[in-house]
Amino acid sequence: MKMRLSVLDQTPIRKGSSAEESLQESIALAKLADKLGYTRYWLSEHHNSATLATGSPEIMIARLGAETKNIRLGSGGMMMPNHSTLRVAENFRVLEALYPNRIDLGMGRAPGGDRITAHLLNPSNNFDPQNYIQQLRDLRAFLNDEPIEGVSEIKINAIPMISTSPDLWLLTSSGESALLAAYFGMALSFAQFINPQGGPQAIKAYKEKFVPSDELKTPQTSVGIFGFCSEDEEKVKQVQALMDYRLLSFEKGKFNERFSYEDIKNEDYDALEWNRILYNRQRMAIGTPEEMKVKLENICRDFDTDEIMISTFTDTAEDRFKSYELLAGLIN
């Protein structure tokens with residue numbers, strides 16, 4: 001099996017840095033990933049965060065398309081209940097018109113933040129899962145220039161009307177959307193970095209129940225993880241410590257804390273916290289090149305997938321970029 005690697009950019013804002021610097025780093029990282037032969041570069045949607053820089057993946061995709069040549073660009077993902085379905089269809093048609101056959105529309109149903117913020121983004125959002133399913137139906141109709149039943153007597157077109165279409169992906173961390181992806185004939189990405197349980201089973205169910213569509217004839221999958229690679233074992237230990245603290249602090253409700261390794265290197269965890277740390281380590285792969293090669297191969301085997309999307313958090317941009325360079329070297 002040929003392994004493919006992709007980038008999931010959550011636009012992290014480091015301690016002492018800024019959102020402006022984070023977005024410029026994303027541009028530089030996308031250009032590097034394109035040069036290194038990564039398959040795709042996705043941007044996440046988050047809101048009401050002091051540690052992540054963008055709630056508008058579609059705007060960043062437009063910029064990155066002008067800075068890159070071959071890599072696919074997409075959302076990981078658009079949190080559909082926050083948005084008008086027609087508006088999403090039109091935004092991604094514009095992107096597809098600008099960068100034909102390079103755009104992915106990855107979609108999820110989580111709010112990408114707290115519920116109050118989600119309500120302000122879309123006051124009509126009642127968090128009903130059935131509405132998300134209807135959005136998927138409507139989105140496909142818009143992208144295929146088909147009428148939307150029960151909406152209007154006249155046909156509503158998502159403009160621009162073009163000859164190609166973005167690839168459609170559903171994101172899942174619980175496994176529920178795996179069945180929706182199978183039903184609609186869309187690609188599936190499992191967010192192992194959110195939930196370390198149930199991924200292989202979700203992908204297996206998706207493949208077993210997959211119904212071919214006009215857009216996708218055979219199942220297509222990926223797995224998202226937190227990841228870091230370095231030839232320096234001390235840096236490996238430091239990033240592991242950073243991620244341990246980061247995920248544990250999220251579980252304690254500290255969503256907007258910015259910190260460096262120096263701030264947390266002497267943290268002392270009790271037995272309960274260590275149990276959570278060990279659990280959360282299933283959400284990531286961190287190690288030297290030799291260790292990472294084995295870990296990535298095991299993920300592909302266990303999940304029966306050929307693509308891994310990697311999200312990396314480090315104290316410096318240099319360490320983040322070098323990690324992606326080393327990982328690319330493992331498959332080239």
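Side chains are part of it too, since the values below use all heavy atoms of this structure and drop only hydrogens, waters and symmetry mates. Here the structure is a predicted model, which is why all the values come from computation and not from measurement.
Formation of a donor-acceptor pair under 3.5 Å by the Tyr41 side chain with backbone atoms of Ile61 is not found in this model. For Glu45 (side chain) and Met79 (main-chain N/O), a donor-acceptor pair under 3.5 Å exists by modelled atom type.
For the residue pair Gln238 and Asp315, no side-chain donor N or O sits within less than 3.5 Å of a side-chain acceptor on the partner. Side-chain contact check for Ser189 and Ser222: at least one donor-acceptor pair (N or O, by modelled atom type) lies under 3.5 Å. Side-chain contact, Thr54 with Ser56: no donor N or O sits under 3.5 Å from an acceptor N or O. Side chains of Thr11 and Asp9: no donor on one and acceptor on the other come within 3.5 Å. Side-chain contact annotation: Thr68 with Arg102, donor-acceptor N/O pair under 3.5 Å present.
For the pair Ile159/Arg93, no side-chain contact is recorded, criterion being any heavy-atom separation below 4.5 Å from C-beta on.
For Phe127, there are no ring pair (Phe, Tyr, Trp, His ring centres under 6.0 Å) partners, not counting sequence neighbours.
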Check the pair Glu297, Lys293 against salt bridge (charged side-chain N to carboxylate O under 4.0 Å, His left out), reporting the backbone distance first and the verdict last.
CA-CA 6 Å; Glu297 288 174 346; Lys293 184 173 179 60; 3.4 Å; yes
Considering only distance and modelled atom types, tabulate donor-acceptor pairs under 3.5 Å from the side chains of residues 173-181, sequence neighbours left out.
residue : atom : partner : partner atom : Å
Ser174  : OG   : Glu176  : N            : 3.2
Glu176  : OE1  : Arg109  : NH2          : 2.5

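Between Arg14 and Glu25, at least one side-chain N (NZ, or NE/NH1/NH2) sits under 4.0 Å from a carboxylate O, which counts as a salt bridge. Under the 4.0 Å criterion applied to side-chain N and carboxylate O atoms, Lys322 and Glu318 are not assigned as salt-bridge partners.
Both Tyr269 and Tyr261 are assigned to one and the same hydrophobic cluster, defined by single-linkage of ILVMFWY side chains at heavy-atom distances under 4.5 Å.
The stretch residues 274-283 participates, sequence neighbours left out, in these salt bridge (Lys or Arg N to Asp or Glu O under 4.0 Å) pairs: Asp244-Arg281, Glu251-Arg276.
Remark: aromatic rings of Tyr324 and Tyr38 are close, center separation under 6.0 Å.
Taking the six-membered ring for Trp and thresholds of 30 and 60 degrees, Phe193 and Phe226 have ring planes more than 60 degrees apart, a perpendicular arrangement.
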